A.B. asks: 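Just dropping this structure here.
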Amino acid sequence: MEKELICARCNVGLEKAETKFSYLGHEFSHHVPKCPACGQVYIAEGLATGKISEVESMLEDK
């Protein structure tokens, strides 16, 4: 059972939404928990050290 994530700013539940990320002029998107009220996103540690880190390394190597 997944724990519900709550926005600290708005006190509402986060909803999965496709979110665009930009790094060194390149964009990619991923579904992440996002506050429907203020747009704040939650990036889990696994995503930050996995996919995002992978894309970052690939772009910096170019």
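On a predicted model such as this, the values are computed, not experimentally measured, just so you know. All values below come from the heavy atoms of this structure, side chains included, with hydrogens, waters and symmetry mates left out.
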A.B. asks: Testing the basics here: between R9 and C38, what is the closest heavy-atom pair and its distance to 0.1 Å?
C.D. replies: NH1-SG, 3.9 Å

A.B. asks: Do you know the tightest heavy-atom contact between C35 and C10?
C.D. replies: SG-SG, 3.9 Å

A.B. asks: Which residues pass the side chain to side chain donor-acceptor pair (under 3.5 Å) test with E18, not counting sequence neighbours?
C.D. replies: S29

A.B. asks: By the rule that ILVMFWY residues connect when side-chain heavy atoms come within less than 4.5 angstrom, directly or transitively, which residues belong alongside Y42?
C.D. replies: L5, L14

A.B. asks: Atom NE2 of H30 and atom NZ of K16: how far apart are they, to the nearest 0.5 Å?
C.D. replies: 6.5 Å

A.B. asks: Applying side-chain contact (heavy atoms from CB on, under 4.5 Å), name anything that partners E27, two or more places apart in sequence or on another chain.
C.D. replies: K20, S22

A.B. asks: Working note: K34 + T19, criterion side chain to side chain contact (heavy atoms under 4.5 Å, CB included); need CA distance, chi angles, decisive distance, verdict.
C.D. replies: CA-CA 8 Å; K34 185 175 184 178; T19 305; 4.0 Å; yes

A.B. asks: Can you get from V41 to I6 by hopping between Ile, Leu, Val, Met, Phe, Trp and Tyr side chains that sit under 4.5 Å apart?
C.D. replies: no

